[in-house]
**Q** 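Could you have a look at this structure, given as structure tokens, before my questions?
When a ligand or atom number is given, it counts from 1 through the structure's own listing order.
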Amino acid sequence: MTQILVIEDEERIASFIAKGLKGAGYACLIATTAREGFDAAIVADPDMIILDLGLPDEDGMALLARLRDSGVSVPVIILSARRSLDDTVAGLQGGADDYMGKPFGFDELLARVRLRLRPDNVAEATVIDHGDLVLDLRSRRMRVEGKEVDLSSREFALAETLMRHPRQVLTREQLLSQVWGYDFDPGSNVVDVYVRYLRGKIGAERIETVRGSGYRLMP
Ligand code: CA
């Protein structure tokens, strides 16, 4: 079984990630300090590491350098509240394979985990289509009836989640956790607001409201 080490000191984030990864079929190990993380990376020999930068005992970038110096060569995805372009570049130059800003939605993290775990020689589906809706996951662009539409990153993530579960009713809670992650409370109406934005861009009739349940992408 593929094992992923999550080095993250914030408990609710660590358990959010662990729960999602387990649900996706991965084994998950959590370390809450750099010291624990280093030991687990050496001893447990995980297949991938998800690394927070703001750790209590050592900066994640310094830990990453130590891991790479010690011969740990598995893919590392940095998760950090530092989300500027400079931070991202520094992370990638420091030996990470990918860099995600917080807050993040679980679907996006999972897509990146899968991408990084996949051997280079296996072709990967980078396009999801549903009727005349086409989502290009690499370029982060969407086409509707052949025409490109401009989506914000949240709108894109919402479209991606709906398109990964076509014809299935997704509850507000599911959408909230997939697209917004741990960062919003369940009472938030942000899902309804973004469904409205997305409808405005791709056509209102494409997303059905299922009263009392949630939303569904129409065939
Ligand atoms: Ca932290």
**Q** Of all the N, O or S atoms in Asp9, which one sits nearest to the Ca ion (ligand 1)?
**A**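 Relative to the Ca ion (ligand 1), the closest nitrogen, oxygen or sulfur of Asp9 carries the name OD1.
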**Q** Cut-off 3.5 Å, side chains only: do Asp192 and Tyr215 have a donor facing an acceptor?
**A** yes
**Q** Check whether any N, O or S atom of Glu8, backbone or side chain, sits closer than 3.0 Å to the Ca ion (ligand 1).
**A**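 No, outside the cut-off.
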**Q** Between the side chains of Arg172 and Ser177, does any donor sit under 3.5 Å from an acceptor?
**A** no
**Q** How far apart are the C-alpha atoms of Trp180 and Tyr194, what are their side-chain angles, what is the distance that settles it, and do they pass the ring pair (Phe, Tyr, Trp, His ring centres under 6.0 Å) test?
**A** CA-CA 11 Å; Trp180 282 268; Tyr194 272 82; 5.4 Å; yes
**Q** Hey, is there an N, O or S on Leu55 sitting under 3.0 Å from the Ca ion (ligand 1)?
**A**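 Checking Leu55: none of its N, O or S atoms is under 3.0 Å.
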**Q** Can you give the angle Gly54 O - the Ca ion (ligand 1) - Asp52 OD2, rounded to 10°?
**A**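 With the Ca ion (ligand 1) as the vertex, the angle is close to 80°.
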**Q** I'd like to know if Glu58 pairs up with Arg35 as an ion pair, taking the criterion as any Lys NZ or Arg NE/NH1/NH2 lying under 4.0 Å from an Asp or Glu carboxylate oxygen.
**A** no
